[in-house]
Amino acid sequence: MAKRVALVLGSGGARGYAHIGVIEELQARGYEIGCIAGCSMGAVVGGIYAAGKLREYREWTESLDYLDVLRLLDVSFRLGAIRGEKIFGKIRELVGEINIEDLSIPYTAVATDLTNQQEIWFQEGCLHQAMRASAAIPSLFTPVVQGNRMLVDGGLLNPLPIVPVVASHCDLIIAVNLSATNQKQYQLPVIERPPALKNRFDLLMESLGSRLPFKRKGSEADDGELLLLEAPAANAWLEPVASKPQASSSTSANGSRLADLSGPASLLDVINQSFEVMQTSLAQYKIAGYPPDILINIPKRVCRSFEFYKAPELIQLGRIIAHDTLDKYERDNA
């Protein structure tokens, strides 16, 4: 008889694509997902799964290269760098208009109410609005205003929402933590893609130029090496592919010099790294307070939170880590 699973999908930006691989591995082994609680990208992937559209979502995300991702950016200069209408509009197309209470399994999306400084659980009402509110990463996506509440990413208070599923009548609680720091054996898989054509990049830069001021770094800059002056969101999205990392160094406690190749590249990067440090600490508290039966740890270091063009690699990594973790659990409990 298949074991019923209460699945908890954590917050972690683009690493949330790994949730897709985890779900696929659970299905391949015959586990039945009885309920889902999710935060941020965990709420998005969990909601799309509960609505029966995960295959379509995977196909769409795997088709995106970094230029496609840039085209989905609708830049805002108000309460977030990106309005998110294009991205979540596509998700609305995939999922349709559906309420949480009409899904095939119980579902909870966790958001943070900045106005009242409290955690919000969406367990009924519009699925699309719940996912959008839960995934409103501060500084990146504009908040969702609902009455007198301003809703942002649930990861501010609860990046791994185990509590909503504790009372479920499932055999196992499986939590997927996207902020693991101790999984050094795993690397992001290498998946070959057709190289992006230079004229596609030039056309995109031309279209962005009418809205986002930018300039070349200098006469010696490589093609595509740009400095965006007033668009931190676009700068952050471009950074992993358009500019080269510059090594810096610091001194360790014993006086040795340490190379640092992953320092922040923009103000948005500073904010995101600060947010991730906080989430990592909070997730450990949640795990200690309500230990799941199975904890699937996705390494935080495999990609930055806004590298949404790496869906194929992250989905495969999620499946690999889930396979290894479930193998160990099944051996230990045979």
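Quick note: numbers below take in every heavy atom, side chains included, and nothing from hydrogens, waters or symmetry partners. Since this is a predicted model, take the numbers as computed values, not measurements.
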Check your understanding: Can you list the other members of the hydrophobic cluster that holds Tyr285, where links are side-chain heavy atoms under 4.5 angstrom apart?
Key ->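 Once heavy-atom contacts under 4.5 Å are chained together, Tyr285 still belongs with nothing else.
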Check your understanding: Other hydrophobic cluster members with Val277, side-chain heavy atoms of Ile/Leu/Val/Met/Phe/Trp/Tyr under 4.5 Å, chained?
Key ->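 So far as hydrophobic clustering goes, Val277 is joined with none.
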Heavy-atom distance under 4.5 Å between the side chains of [X] and [Y], does that happen here?
X: Ile33; Y: Ile105; value: yes
X: Ser11; Y: Leu178; value: no
X: Val163; Y: Trp121; value: yes
X: Leu64; Y: Phe308; value: no
X: Leu172; Y: Ile294; value: yes
X: Arg132; Y: Leu151; value: no

Study note, to complete from the structure: Between Lys300 and the options Thr280, Asn182, Thr181, the side chain to side chain donor-acceptor pair (under 3.5 Å) test singles out Thr280
Those residues that, when tested against [X], pass side chain to side chain donor-acceptor pair (under 3.5 Å) (two or more places apart):
X: Thr108; value: Gln123
X: Thr325; value: none
X: Tyr186; value: Asp324
X: Glu330; value: Arg29, Tyr31

Point to revise | Pair listing, side-chain hydrogen bond (donor to acceptor under 3.5 Å, both in side chains) test, anchored in residues 166-178, at least two apart | key: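 side-chain hydrogen bond (donor to acceptor under 3.5 Å, both in side chains) check on residues 166-178 returns Asn177-Asn297.
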Review point. What residue pairs, at least two apart or across chains, pass side-chain hydrogen bond (donor to acceptor under 3.5 Å, both in side chains) with a residue in residues 12-24?
Key: Arg15-Glu276, Glu24-Arg58
Review point. Between the main-chain N or O of Asn148 and the side-chain N or O of Thr115, is there a donor-acceptor pair closer than 3.5 Å?
Key: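 Yes: the side chain of Thr115 pairs with the backbone of Asn148.
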Exercise for review: Output the distance between atom NZ (Lys3) and atom CD1 (Ile174), rounded to the nearest 0.5 Å.
Suggested key: 9.5 Å
**Study point:** SB check Glu313 Lys310 (cutoff 4.0 Å)
**Key:**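 No.
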Which pairs of donor and acceptor atoms, one on a side chain in residues 36-57, lie under 3.5 Å apart (sequence neighbours left out)?
from, atom 1, to, atom 2, distance (Å)
Ser40, OG, Asp153, OD2, 2.7
Arg55, NH1, Glu59, OE2, 3.1

Revision key, fill the gap. Residue pairs passing the salt bridge (charged side-chain N to carboxylate O under 4.0 Å, His left out) test with at least one member in residues 95-115, sequence neighbours excluded, are Arg92-Glu97
Review point. Does anything in residues 284-297 pair up under salt bridge (charged side-chain N to carboxylate O under 4.0 Å, His left out), and if so which pairs, sequence neighbours excluded?
Key: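 Residue pairs with at least one partner in residues 284-297: there are none.
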Exercise for review: Could you pull out all residues at least two apart from Glu32 that satisfy salt bridge (Lys or Arg N to Asp or Glu O under 4.0 Å)?
Suggested key: Arg4
